[in-house]
Amino acid sequence: MPTIEYFYSAHSAYAYLGAQKLAQMCSDYNCTLLHRPFYLSPVVEAAGAQPFGSRSQAHAEYFFGREIERWAEFRSADMIDFHPTHHDNPLTLPNGLIIAATEAGAPVDQLSYAILKAHWVDDADIADAATLAVLVTVLGLDADSLLTTALSEPIQALHTQYTQSAITRSVFGSPTYFLDGDMFYGQDRLEQMEFVLKKTVF
């Protein structure tokens with residue numbers, strides 16, 4: 001059974017754009033998907049890229065504007081805004097919630113997608129506990145328990161561990177996938193990863 005390690009941040013536009021394709025591939029090829037949410041900025045900077053705030057306006061407009069627009073159309077993904085109101089809010093709680101759901105054996109794939117979609121389609125504040133509680137409850141889960149666990153020391157230790165692992169493994173940004181240890185950076189590499197899966201599984 002192939003294993004995909006999924007390194008991303010809970011507010012990542014490109015993780016959102018690739019999420020449905022990733023889910024379809026995992027279903028088609030019976031992959032085990034391991035969620036590895038991380039703090040994005042230190043990973044990007046450790047890889048040698050400029051901090052997001054230091055990049056040129058032209059770079060921002062292209063990679064976080066036009067490219068998102070193109071990929072949203074290609075993936076048939078809804079997107080309300082390329083500049084969500086709460087995009088710069090902390091990732092501690094939403095990333096932690098995804099990790100807590102994983103550790104609890106909850107349906108983390110669905111929760112992760114719900115968080116990404118809420119941010120990019122509904123312009124929701126995913127750093128807000130009340131907002132996240134609604135998403136958790138819709139999935140039939142105990143919101144109070146998971147949200148409390150999300151900020152606990154063991155879960156945040158895993159959050160730090162995943163961030164350090166991303167740095168150690170030279171992850172460039174979000175999302176990055178490791179298929180049985182082989183790195184594919186960016187949701188635009190999902191079709192390449194699928195090509196490998198086809199050769200491996202069939």
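The model shown is predicted, which means the values in this text are computed figures rather than measured ones.
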Subject >> Test side-chain contact (heavy atoms from CB on, under 4.5 Å) applied to Tyr62 - qualifying residues, sequence neighbours left out >> reply: Arg66, Glu67, Arg70
Subject >> Partner residues of Pro154 under the side-chain contact (heavy atoms from CB on, under 4.5 Å) criterion, sequence neighbours left out >> reply: Ser152
Original post:
Is it true that Glu5 and Arg169 make a salt bridge, defined as a side-chain N closer than 4.0 Å to a carboxylate O?
Top reply: yes
**OP:** Identify whether the distance between the nearest side-chain nitrogen and carboxylate oxygen of Glu69 and Arg75 falls below 4.0 Å.
**Re:**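 Salt bridge flag = no for Arg75 with Glu69.
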Within the 6.0 Å centroid threshold, strictly below: [X] and [Y]:
{"X": "Tyr185", "Y": "Phe172", "value": "yes"}
{"X": "His159", "Y": "Tyr39", "value": "yes"}
{"X": "Tyr177", "Y": "Phe7", "value": "no"}

Subject >> Residues Trp71, Asp188; criterion side chain to side chain contact (heavy atoms under 4.5 Å, CB included); working and verdict >> reply: CA-CA 8 Å; Trp71 278 106; Asp188 52 338; 3.3 Å; yes
**OP:** Please assess Tyr14 against Leu17 for the test side chain to side chain contact (heavy atoms under 4.5 Å, CB included), listing each intermediate value before the final yes or no.
**Re:** CA-CA 5 Å; Tyr14 289 105; Leu17 289 170; 3.9 Å; yes
Give the cluster check for [X] versus [Y]: same hydrophobic cluster or not, with ILVMFWY residues linked at side-chain heavy-atom distances below 4.5 Å.
{"X": "Met183", "Y": "Phe195", "result": "no"}
{"X": "Leu116", "Y": "Leu146", "result": "yes"}
{"X": "Leu33", "Y": "Phe184", "result": "yes"}
{"X": "Tyr113", "Y": "Ile68", "result": "yes"}

**OP:** Please determine which of Leu22, Leu34, Asp180 meets the side-chain contact (heavy atoms from CB on, under 4.5 Å) test together with Ile4.
**Re:**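 Only match with Ile4 under side-chain contact (heavy atoms from CB on, under 4.5 Å): Leu22.
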Subject >> Lys117 atom NZ: more than 12 heavy-atom contacts under 6.0 Å >> reply: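 No.
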**OP:** Verify, without hydrogens or angle tests, whether Asp142 (side chain) and Asp144 (backbone) share a donor-acceptor contact under 3.5 angstrom.
**Re:**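 Yes, Asp142 side chain to Asp144 backbone: donor-acceptor pair under 3.5 Å.
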Original post:
Quick check: does any side chain N or O of Asn95 sit under 3.5 Å from a backbone N or O of Pro37, one acting as donor and the other as acceptor?
Top reply: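 No; judged by distance alone, with no hydrogens or angles, the pair does not exist.
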Gap between atom [atom2] of [Y] and atom [atom1] of [X] - 0.5 Å precision:
{"X": "Leu158", "Y": "Arg36", "atom1": "CG", "atom2": "CZ", "value": "8.5 Å"}
{"X": "Met193", "Y": "Thr200", "atom1": "CE", "atom2": "OG1", "value": "11.5 Å"}
{"X": "Leu111", "Y": "Ile98", "atom1": "CG", "atom2": "CD1", "value": "6.5 Å"}
{"X": "Asp88", "Y": "His11", "atom1": "CG", "atom2": "NE2", "value": "7.0 Å"}
{"X": "Cys26", "Y": "Met1", "atom1": "SG", "atom2": "CE", "value": "10.5 Å"}
{"X": "Leu179", "Y": "Gln192", "atom1": "CG", "atom2": "CD", "value": "12.0 Å"}

Please report the shortest heavy-atom distance between [X] and [Y], naming the atom on each side.
{"X": "Ile167", "Y": "Pro42", "answer": "CD1-O, 4.1 Å"}
{"X": "Ala150", "Y": "Leu97", "answer": "CB-N, 3.5 Å"}
{"X": "Ala127", "Y": "Leu93", "answer": "O-CD2, 3.7 Å"}
{"X": "Leu40", "Y": "Ser9", "answer": "CD2-OG, 4.0 Å"}
{"X": "Ala118", "Y": "Ile126", "answer": "CB-CG2, 4.5 Å"}
{"X": "Leu91", "Y": "Ala10", "answer": "CD2-N, 4.3 Å"}

Name each donor-acceptor pair under 3.5 Å that joins a side chain in residues 128-140 to protein atoms two or more places apart or in another chain, with its distance.
from   : atom 1 : to     : atom 2 : distance (Å)
Asp128 : OD2    : Ala130 : N      : 3.4
Asp128 : OD2    : Thr131 : N      : 2.9
Asp128 : OD2    : Thr131 : OG1    : 2.8
Thr137 : OG1    : Ala133 : O      : 2.7

Any [X] side-chain heavy atom under 4.5 Å of [Y] side chain:
{"X": "Thr32", "Y": "Pro2", "value": "no"}
{"X": "Lys198", "Y": "Val196", "value": "no"}
{"X": "Pro175", "Y": "Ser12", "value": "yes"}
{"X": "Cys31", "Y": "Leu197", "value": "yes"}

**OP:** Please test His35 against Ile99 for side chain to side chain contact (heavy atoms under 4.5 Å, CB included), starting from the C-alpha separation and ending with a verdict.
**Re:** CA-CA 7 Å; His35 291 256; Ile99 298 168; over 6 Å; no
**OP:** Indicate whether any N or O donor in one side chain lies under 3.5 Å from an N or O acceptor in the other, for His86 and Asp123.
**Re:**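 The answer is no; no qualifying pair exists.
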**OP:** Consider only side-chain N and O atoms of His87 and His119, and report whether a donor and an acceptor are under 3.5 Å apart.
**Re:**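 Present: a donor and an acceptor within the cut-off.
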Subject >> Verdict with reasoning, Tyr29 to Glu194, per side chain to side chain contact (heavy atoms under 4.5 Å, CB included) >> reply: CA-CA 9 Å; Tyr29 301 101; Glu194 185 173 36; 3.5 Å; yes
Original post:
Which of these passes side-chain hydrogen bond (donor to acceptor under 3.5 Å, both in side chains) with Ser112: Tyr6, Tyr16, Tyr8?
Top reply: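 Checked Tyr6, Tyr16, Tyr8 against Ser112; only one passes side-chain hydrogen bond (donor to acceptor under 3.5 Å, both in side chains): Tyr8.
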